[in-house]
Amino acid sequence: MPEPALGLDVVASLPEAAEALLDGRNVVVIDVLRATTVIGQALAAGAARILPAATPAEARELAAGLEPGSFLLGGERGGYRIPGFDLGNSPLEYTPERVKGKSIVLASTNGSVLLARCRRSRRTLALSFNNLSAVAARVRDAGGSWVAVCSGKLGRACLEDLVCAGRLGARLGLAGEEGPADSLDDARDGLTIARLLDERLGGDLAEMLRRCAHGRYLESIGFGPDLERCAQLDILAGVPEMAGGAILPG
Ligand code: MLT
């Protein structure tokens, strides 16, 4: 069967992303603040792979099966490094000196939970502003039907992930209104909403990240410099992609 024409659905938050929606699908996972930004940075800095875990306990279990010295535990709760973990969830920590050649077992509150849920997806790519053009090119080359899933924040939609999804739609030349809407199931507004948010608020990405709720929280606990890093557009050429439960550089 030929691939359907390029299409992008946008799902606004984690609870909407039931496994039934992800299984067998082409998925782009977005967690601008900060999990998918961290993943792009860690792999660009030479990490061998990222193993996403839904909880810190699951991360420790995954790590127990790995060769000692071959991995680092990374992630956060409440934005802070998890006690006993090697790294937190700031992209600035994932330097070549720390991560080169290592597997990173990552447990974050929202992004890694969503990634762990994508183990049966057909393809899973990790998107942030840092690698937006590279991901858009990969999606355009593959064609077919894609769903961009925003990790959101504690079960709710968040501004920064929707703006990023909207920017992906813009790069793909998709407005959100071109799909069929002749069945109840096909009538979806996610991409239209995301495009409108990007048009309205995406002009200054650093300002948008300082303004959104999670950005204000991160700034309040001392991670202001992360916002500047997460706002940088197209500084990375890699497209992290899931294969066999691990996210590999691509
Ligand atoms: C998450 O996955 O929940 C986020 O990356 C949280 C954070 O900013 O550390």
Side-chain angles (χ1 to χ4, degrees), residues 11-17 22 27-45 47 50-60 62 72-94 98-99 104-119 124-132 135 148-165 205-206 208-232 236 240 242 247:
V11 168
S13 69
L14 193 61
E16 289 178 65
L22 303 171
V27 182
V28 176
V29 169
I30 307 171
D31 187 357
V32 169
L33 295 177
R34 299 167 287 176
T36 52
T37 305
V38 162
I39 289 166
Q41 166 57 26
L43 294 173
I50 312 288
L51 299 167
T55 61
E58 191 184 301
R60 288 193 179 92
L62 281 171
L72 296 168
L73 285 166
E76 56 68 43
R77 279 298 178 270
Y80 297 102
R81 183 165 58 87
I82 297 163
F85 276 37
D86 304 291
L87 296 158
N89 200 36
S90 164
L92 304 177
E93 293 174 75
Y94 288 73
R98 292 302 307 273
V99 305
I104 311 288
V105 187
L106 187 71
S108 72
T109 309
N110 306 283
S112 73
V113 178
L114 175 56
L115 283 158
R117 238 183 240 186
C118 290
R119 288 183 183 130
T124 305
L125 312 181
L127 171 67
S128 67
F129 287 116
N130 291 177
N131 68 353
L132 194 122
V135 171
V149 185
C150 300
S151 301
K153 185 172 160 68
L154 297 171
R156 311 287 286 270
C158 72
L159 193 56
E160 66 278 13
D161 291 348
L162 279 164
V163 170
C164 190
L205 293 175
M208 185 272 295
L209 292 184
R210 284 192 291 271
R211 179 175 176 180
C212 70
H214 194 52
R216 284 184 278 123
Y217 173 70
L218 288 173
E219 193 143 38
S220 79
I221 62 169
F223 288 111
D226 281 11
L227 306 186
E228 308 305 316
R229 179 57 165 68
C230 294
Q232 288 179 33
L236 299 177
M242 184 100 86
I247 304 165

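Counting starts at 1 for both ligands and their atoms, in listed order. Quick note: residue numbers are just sequence positions, from 1. Because only heavy atoms are used, hydrogens play no part in the values below, and waters and symmetry mates are left out as well, while side chains stay in.
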Val105, Leu106, Leu73, Leu72 screened by side chain to side chain contact (heavy atoms under 4.5 Å, CB included) with Phe85, the one that passes: Leu73
Check against side chain to side chain contact (heavy atoms under 4.5 Å, CB included), Arg229 and Asn130: CA-CA 8 Å; Arg229 179 57 165 68; Asn130 291 177; 2.4 Å; yes
Part of Leu33 with heavy atoms under 4.0 Å of ligand 1, whether side chain, backbone, both or neither: backbone
Closest protein heavy atom (residue, atom, distance) for atom 6 (C) of ligand 1: Glu76 OE2, 3.4 Å
Proximity to ligand 1 by part of His214, non-hydrogen separation under 4.0 Å: side chain
Heavy-atom donor-acceptor pair, Asp161 side chain to Gly152 backbone, under 3.5 Å: yes
Whether Glu93 side chain and Ser90 backbone form a donor-acceptor pair below 3.5 Å: yes
Atoms of ligand 1 close to Thr109 [distance to a heavy atom under 4.0 angstrom, numbered from 1]: 1 (C), 2 (O), 3 (O)
Ala35 N/O under 3.5 Å from ligand 1 N/O: yes
Test of proximity, Gly111 against ligand 1: N or O pairs below 3.5 Å: yes
Under-4.0 Å heavy-atom contact with ligand 1, by part of Arg34 that carries it: both
Heavy-atom nearest neighbour in the protein, as seen from atom 3 (O) of ligand 1, with distance rounded to 0.1 Å: Asn110 ND2, 2.6 Å
Nearest-contact summary for atom 1 (C) of ligand 1 - protein heavy atom, Å: Asp31 OD2, 3.2 Å
Whether Tyr94 side chain and Leu43 backbone form a donor-acceptor pair below 3.5 Å: no
Short N-O contact, Arg210 and Glu228, less than 4.0 angstrom: yes
Side chain Thr36, main chain Asp31, donor-acceptor under 3.5 Å: yes
